[in-house]
There are 2 protein chains.
Amino acid sequence: MMVSTKGRYALTVMVDLARLEGDGYVSLADIAERENLSMKYLESIISILNKGGMLQSLRGKKGGYRLARKPDEYNISEILLLTEGTLAPVNCIMQDGVECEKAATCSTLPLWAGLDKVIENYLSDITLEDIIRGNRKKLLGDYCGTCVSAN
Amino acid sequence: MMVSTKGRYALTVMVDLARLEGDGYVSLADIAERENLSMKYLESIISILNKGGMLQSLRGKKGGYRLARKPDEYNISEILLLTEGTLAPVNCIMQDGVECEKAATCSTLPLWAGLDKVIENYLSDITLEDIIRGNRKKLLGDYCGTCVSAN
DNA sequence: CGCAAATCCTACCACCGTGGTAGGATTAAG
DNA sequence: CTTAATCCTACCACGGTGGTAGGATTTGCG
């Protein structure tokens, strides 16, 4: 599994907040209830989003969270990257400039690099706005036969 | 991480055997030494490949393994699927006909389904032959700007 | 026939990431 | 000054990952 609940729930929170854009600060309790997720667990996840600059928060009564930017200014890749740490499908891929010691002679590396590219390209092309608008063409394909089959 | 060492080493073994196609049966000890991997660990992985019909084996002295088909008749998806069990990037995606209970109302599901498609399409289009021939265009892109960027 | 070289099979295990829970400290509105 | 909210630190069970160990079985060859 490439994306754990941490990344999935983070995206769920971001989509929830994107839907409520303009409603001011939304409390974590509200989000957790709406999405039917553990508030305590969500707390640790939303903390990552907040520290990563994805959100604005307000403490105290009437406090909560809201998006720091417009929904179409977030791409999915950056949200998942922040929460998951990496989106690499294998751990033998170059990260932070450090590559596998066998990289020069490894015959399977180009495959993993290509897979990594495909994933990154897909996720970085989709925004929160696409998700709340249900942009099926962009999400599920038909616009590129080689990327996403038409069946 | 989507693909563990199990899947990676399985592919390494398959590529190794594809390179030696026509040389008869190749012993596990030879493969392990050539690829610099633990023979004991490789044993458990090659056993999955063998039982899954990917290989032919011969026991006893002068025994070993060889490919059951031609290198261009294996796509990478089936090799990884056999060893990893699933290639789904998240565990909330439909598997064996069973889908998440929240599927009907989940706003993020189309994203995960789209990601799954992109991955599956990439991996099922590449064969062992492509890897041993170092088919960079197919592996790393340039043939589809939306799938794999040109940088 | 018997040895050696190979696959095949079962069991075991340490480590770490996942998916949380618990409890309290701090802040701000009214 | 109470209440509702974020913020922070610590803890923990479980299962998957990445192996290791030891032997049983099969087959080629001299």
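Chain letters run A, B, ... following the sequence lines, proteins first, then strands; residues in each count from 1.
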Are more than 12 heavy atoms, taken from residues, nucleotides or ligands other than A/R133, located less than 6.0 Å from that residue's CZ atom?
no
Nearest-angstrom distance from the residue atom CD1 of A/I48 to P of C/dG20
14 Å
Record whether the side chain of A/K6 comes under 3.5 Å of the base of C/dG20 through a donor-acceptor pair of N or O atoms.
no
Has B/Y122 got a side-chain atom pairing as donor or acceptor with B/L139's backbone, closer than 3.5 angstrom?
yes
Below 4.0 angstrom from OP1 or OP2 of C/dT7, is there any side-chain N or O of B/S27?
no
I'd like to know if A/K40 pairs up with A/E43 as an ion pair, taking the criterion as any Lys NZ or Arg NE/NH1/NH2 lying under 4.0 Å from an Asp or Glu carboxylate oxygen.
yes
Whole angstroms only, please: what is the CE-P distance between B/M39 and D/dA21?
14 Å
What does A/Y25 touch in the nucleic acid at a heavy-atom separation under 4.0 angstrom: a base, only the sugar-phosphate, or nothing?
nothing
Is the distance from OP1 or OP2 of D/dG16 to the nearest side-chain N or O of B/S4 less than 4.0 Å?
no
If you assign A/K62 and A/E43 each to the DNA chain D nucleotide with the nearest heavy atom, which residue ends up on the more 5' nucleotide?
A/K62
Output the rounded distance in Å from CG (B/L58) to C1' (D/dG28).
9 Å
Side chain A/R59 and base C/dT27 donor-acceptor under 3.5 Å
no
Taking CD from B/E84 and C1' from D/dG16, how many angstroms apart are they, rounded to a whole number?
11 Å
Send over the distance from A/N36 CG to C/dG20 C1', rounded to a whole Å.
15 Å
Would you say B/Y65 reaches C/dC8's phosphate, i.e. side-chain N/O to OP1/OP2 under 4.0 Å?
yes
Rounded to whole Å, the NZ-C1' distance (A/K40 to D/dA5) equals 11 Å
Want to settle it: does A/S44 or B/G64 sit nearer the 5' end of DNA chain C, counting the closest nucleotide to each?
B/G64
Heavy-atom count around B/E78 CD within 6.0 Å, excluding the residue itself: above 12?
yes
Checking all strands, does B/I46 fall into the base, sugar-phosphate, or nothing category for heavy-atom contacts under 4.0 angstrom?
nothing
Strictly distance-based, threshold 3.5 Å: is any side-chain N or O of A/N121 a donor or acceptor partner for the main-chain N or O of A/V118?
no
Using a cut-off of strictly less than 4.0 Å, decide whether A/T5 has a side-chain nitrogen or oxygen near OP1 or OP2 of C/dG19.
yes
For A/E73, does the CD atom have more than 12 heavy-atom neighbours from other residues, nucleotides or ligands under 6.0 Å away?
yes
Quickly work out the B/I45 CD1 to D/dT17 P distance and round it to whole Å.
11 Å
Between B/S57 and C/dC8, is there a side-chain N or O to OP1/OP2 distance below 4.0 Å?
yes
Please report the distance, rounded to the nearest Å, between CG in A/L37 and P in C/dT18.
17 Å
For C/dC8, does OP1 or OP2 lie under 4.0 Å from any side-chain N or O of B/N50?
yes
A/S38 has a side chain; which of D/dG19, D/dA24, C/dG20 sits nearest to it?
C/dG20
With a 4.0 Å limit, can you tell me whether B/Y9 has a side-chain N or O closer than that to the phosphate oxygens OP1/OP2 of D/dG18?
no
